[in-house]
Amino acid sequence: TKVGDLIQFSSESHGVRLITTNACVPELNKEGLCTVQVIVEGVQPGAETFVTAKCNNKSAVAYIEVVSELKTRQRQGKN
């Protein structure tokens, strides 16, 4: 994988909308890793999904759970 290669994101949940579907590999750090921001929108509270990123022969997976704003505030100790 090199700078500029295409990364494709996918998800199979109807409760989570994937806003970012493609990105290019940015500059790599000294370990050969990079960070890419992926934007998702929670459509249905309680929905769960995995977002898969594929680039050439590599892939990565992230777990996402949609929570309501009220539940988020309660987790942060703000009522």
Side-chain angles (χ1 to χ4, degrees):
T1 302
K2 62 184 183 305
V3 174
D5 283 353
L6 179 66
I7 306 168
Q8 295 179 309
F9 303 98
S10 62
S11 172
E12 296 184 14
S13 172
H14 297 291
V16 177
R17 184 168 50 194
L18 195 56
I19 306 298
T20 305
T21 57
N22 295 302
C24 290
V25 174
E27 286 289 322
L28 306 178
N29 65 20
K30 61 185 175 186
E31 288 85 25
L33 303 173
C34 66
T35 302
V36 177
Q37 180 178 354
V38 178
I39 300 171
V40 298
E41 179 181 19
V43 178
Q44 178 183 350
E48 299 175 322
T49 192
F50 291 97
V51 172
T52 303
K54 293 185 179 180
C55 182
N56 301 325
N57 62 345
K58 297 179 182 176
S59 63
V61 177
Y63 170 77
I64 295 177
E65 176 186 7
V66 179
V67 296
S68 69
E69 187 175 334
L70 176 60
K71 195 171 184 179
T72 301
R73 287 183 186 172
Q74 289 172 342
R75 285 182 179 176
Q76 295 173 347
K78 301 173 185 174
N79 291 327

Quiz item: What pairs of residues pass the ring pair (Phe, Tyr, Trp, His ring centres under 6.0 Å) test when at least one of them lies in residues 7-38, not counting sequence neighbours?
Solution: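 Passing the test, one end in residues 7-38: no pairs.
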Quiz prompt | ring pair (Phe, Tyr, Trp, His ring centres under 6.0 Å) contacts in which one or both residues fall within residues 22-49, not counting sequence neighbours | solution =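 Output for this query is empty, none listed.
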Kindly compute the distance separating [atom1] ([X]) from [atom2] ([Y]), expressed to the nearest 0.5 Å.
X     : Y     : atom1 : atom2 : answer
Thr20 : Ile7  : OG1   : CD1   : 11.0 Å
Thr35 : Leu28 : OG1   : CG    : 10.5 Å
Gln37 : Ile19 : CD    : CD1   : 12.0 Å

Exercise. Keeping to residues at least two apart or across chains, list the salt bridge (charged side-chain N to carboxylate O under 4.0 Å, His left out) pairs with something in residues 18-38.
Key: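 Qualifying pairs: none.
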Quiz item: Looking at residues at least two apart in the chain, or sitting in another chain, which of them share a salt bridge (Lys or Arg N to Asp or Glu O under 4.0 Å) with Lys2?
Solution: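 Partners of Lys2 under the salt bridge (Lys or Arg N to Asp or Glu O under 4.0 Å) test: Asp5.
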Quiz item: Which residues satisfy the side-chain contact (heavy atoms from CB on, under 4.5 Å) test with Cys24, sequence neighbours excluded?
Solution: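 Listed in chain order: nothing, the list is empty.
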Self-check item: Cys34 versus Val25, closest heavy-atom pair with distance
Solution: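 Between these two residues, the closest heavy atoms are SG-CG1, 4.1 Å.
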Quiz item: With clusters built from Ile, Leu, Val, Met, Phe, Trp and Tyr whose side-chain heavy atoms come within less than 4.5 Å, directly or transitively, what are the remaining members of the cluster of Leu33, listed by chain and number?
Solution: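 Listed partners: none, Leu33 stands alone.
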Exercise answer: donor-acceptor pairs, residues 38-52 side-chain atoms, under 3.5 Å, sequence neighbours excluded:
residue, atom, partner, partner atom, Å
Glu41, OE1, Arg17, NE, 3.0
Glu41, OE1, Arg17, NH2, 2.1
Glu41, OE2, Arg17, NH2, 3.4
Glu48, OE2, Tyr63, OH, 2.6
Thr49, OG1, Ser11, OG, 2.8

